[in-house]
Amino acid sequence: NPEPPPSGDFSPMDACTCNSCASCTSSLNDSLCDSVTMIADISSVPGGYCIGGPINFTSKVFDCGGYSITGNGTGSAIYLSNGNSYDRIQNCNISNFTYGIYSNLSTNQSNSNNKFINLSISNTTYGIFLSAYPIGNYNFANSSDHAFSNISIYNSNYGIYHYTYASGNSNAKSVYHLFSNISISNVSYGLYFYTYSFGNPITANSSFPSFSNISISGATSNAVYFY
């Protein structure tokens with residue numbers, strides 16, 4: 001069984017295990033599983049999502065246990081969306097996907113307070129992709145307070161891509177994310193933050209990221225890019 005999480009963060013009721021995309025997603029969606037630990041490598045994942053952000057994936061631990069999730073060059077290893085909050089994803093080796101970690105929020109969706117710890121991500125288009133993009137008038141997408149620590153990203157086009165976009169009287173917010181002990185190497189872009197809005201009144205807010213101990217090497221375009 002995995003080491004129990006720190007007191008105050010989680011209070012596991014039951015520890016479950018998994019050995020495939022389907023069984024891991026099913027266990028994370030099981031209300032009886034507060035923690036889910038991989039017990040084998042998962043390889044040759046087809047396009048789409050391996051871990052597809054099931055609705056009950058909230059306030060849980062997903063522990064890869066040092067095992068690998070390997071794709072076929074498309075899709076996403078771990079996908080999070082509306083309501084996937086207060087989770088912890090840790091000890092994963094992820095490779096050969098379009099998106100390693102993909103948090104995607106569209107119209108009237110939100111998530112917050114997820115922790116990503118001890119991850120190795122390689123051979124991706126986007127190592128980590130955070131997106132808040134509401135569509136239509138008077139809608140919102142809110143992402144906040146995610147923490148990324150002890151993460152290595154290499155041999156990818158983008159290390160961390162942060163995308164916040166608002167239009168047509170909508171409100172997009174992606175704020176207060178923490179990045180610490182991050183190593184990014186052999187990429188086109190290390191940190192890429194894109195914030196854009198048009199229309200009136202609209203708001204696209206990507207304020208207050210926090211960075212500490214960030215190492216970027218071998219970036220062929222920009223190590224850090226803010227737009």
Next item on the list: Could you tell me which residues satisfy side chain to side chain contact (heavy atoms under 4.5 Å, CB included) with Tyr67, sequence neighbours excluded, listed by chain and number?
Entry: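 Met38, Asp41.
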Checklist line | Sequence-distant partners of Asn72, side chain to side chain contact (heavy atoms under 4.5 Å, CB included), two or more places apart | finding: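 Listed in chain order: Thr74.
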[Y] and [X] side chains, donor-acceptor separation under 3.5 Å:
X      : Y      : answer
Thr164 : Ser206 : no
Asn123 : Asn96  : no
Asn205 : Ser207 : yes

Margin query: For the OG atom of Ser59 and the CG atom of Asp87, what is their distance to the nearest 0.5 Å?
Written below: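 So the OG of Ser59 and the CG of Asp87 are separated by 6.5 Å.
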Note to self: My understanding is that a hydrophobic cluster links ILVMFWY residues whose side chain heavy atoms are under 4.5 Å apart, including indirect links. Using that, what else belongs to the cluster containing Tyr154?
What the structure shows: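 None, because no other hydrophobic side chain comes under 4.5 Å of this residue.
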Item checked: Val175: hydrophobic cluster co-members (side-chain, 4.5 Å) ->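 Via sub-4.5 Å side-chain contacts, Val175 links to Tyr176, Phe208.
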Hey, can you pull the donor-acceptor pairs under 3.5 Å for the side chains in residues 43-58, sequence neighbours left out?
residue, atom, partner, partner atom, Å
Asn56, ND2, Asn29, O, 2.9
Asn56, ND2, Asn29, OD1, 3.4
Thr58, OG1, Ser85, O, 2.8

Extract all donor-acceptor atom pairs below 3.5 Å that involve side chains of residues 177-191 and protein atoms in other chains or at least two apart in sequence.
residue, atom, partner, partner atom, Å
His177, ND1, His146, N, 3.2
His177, NE2, Ser174, OG, 2.9
Asn181, OD1, Asn213, ND2, 3.1
Asn181, ND2, Asn150, OD1, 3.4

Margin query: Is the shortest side-chain heavy-atom distance between Ile89 and Asn114 below 4.5 Å?
Written below: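 No; the side chains remain at least 4.5 Å from each other.
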Margin query: Could you check whether any side-chain heavy atom of Ile135 comes within less than 4.5 Å of a side-chain heavy atom of Ser106, counting everything from C-beta outward?
Written below: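 A side-chain contact under 4.5 Å exists here.
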Checklist line | The single option from Thr107, Asn171, Asn108 passing side-chain hydrogen bond (donor to acceptor under 3.5 Å, both in side chains) against Asn139 | finding: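 Running side-chain hydrogen bond (donor to acceptor under 3.5 Å, both in side chains) over Thr107, Asn171, Asn108 with Asn139 returns exactly one hit, Asn108.
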